[in-house]
Amino acid sequence: MKAIKIITAIALIIMTAAATMVVFTACSDDSAVGFWIVQKVTAGEVVMNEQDAESIGLNAVGTIKLQKSGKCELNLLGEETKGKWEKAKDGTITINYGNKQSLTGSINDKGIMTLTDPQGAEYILAK
């Protein structure tokens, strides 16, 4: 009987340690988490940068705040909205927000995020 209790205790310790490792592994790559500022948006031939935004009365082209929880807050051209985001194993970032709107992209080795919407507009962001 004592051996069963010991084996059960060891099994519980191993399962707890394994679960903890899975959680830390899932959260270890948080390079996307944080406050991102849109440096430039390109839509076809039209390019908007920070100076262009200021000239039409905006503080910035936009910002995106990615939270560890998978939630996000976006402010694009003065429109604020919330959504959810995820980062796939291959590094692809997907942001879903507003009324079925989405952005997909990645972060390069210099820490610059590039996102594209379904219409082809490209967003360049930096922390």
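Numbers here are sequence positions counted from 1. Keep in mind that this is a model prediction, so the values were computed, not measured.
- Among residues two or more places apart in sequence or in another chain, the side chain to side chain contact (heavy atoms under 4.5 Å, CB included) test is passed with Ala121 by Ala43, Asp117, Tyr123.
- Interatomic distance, CG of Asn49 versus OG1 of Thr42, reported as 9.5 Å (0.5 Å rounding).
- Cluster note: Val46 groups with no other residue, as no ILVMFWY side-chain heavy atom lies under 4.5 Å from it.
- Separating the CG atom in Leu58 from the CD atom in Glu79 is a distance of 10.5 Å, to the nearest 0.5 Å.
- Considering CG of Leu74 and CD1 of Ile95, their distance stands at 6.0 Å, rounded to 0.5 Å.
- Here the rule is side-chain contact (heavy atoms from CB on, under 4.5 Å) with Trp36, and of Ile107, Ile124, Leu115 only Ile107 fits it.
- Atom-to-atom distance recorded for Lys40:NZ and Gln51:CD is 12.0 Å, nearest 0.5 angstrom.
- Hydrophobic clustering of Ile, Leu, Val, Met, Phe, Trp and Tyr side chains at less than 4.5 Å, counting indirect connections, unites Ile56 with Val41.
- Separating the OG atom in Ser31 from the CE atom in Met113 is a distance of 8.0 Å, to the nearest 0.5 Å.
- Taken from CG in Asn59 to CG in Asn75, the straight-line distance is 8.5 Å, to the nearest 0.5 Å.
- Using modelled atom types, one side-chain atom of Lys127 and one backbone atom of Val33 make a donor-acceptor pair closer than 3.5 Å.
- Taking a 6.0 Å sphere around NZ of Lys71, one finds it holds 12 or fewer heavy atoms contributed by other residues, nucleotides or ligands.
- Residues satisfying the side chain to side chain donor-acceptor pair (under 3.5 Å) test with Glu73, not counting sequence neighbours, are Gln67.
- Of all heavy-atom pairs between Leu66 and Ala32, the closest is CD1-O, 3.3 Å.
- Every residue two or more places apart in sequence or in another chain that forms a side chain to side chain contact (heavy atoms under 4.5 Å, CB included) with Ala126 is listed here: Gln39, Ile112.
- Residue pairs meeting the side-chain hydrogen bond (donor to acceptor under 3.5 Å, both in side chains) criterion with at least one partner in residues 91-116, sequence neighbours excluded, are Asp90-Thr92.
- Leu77 and Val38 fall within the same hydrophobic cluster, defined by Ile, Leu, Val, Met, Phe, Trp and Tyr side-chain heavy atoms under 4.5 Å apart, directly or through other members.
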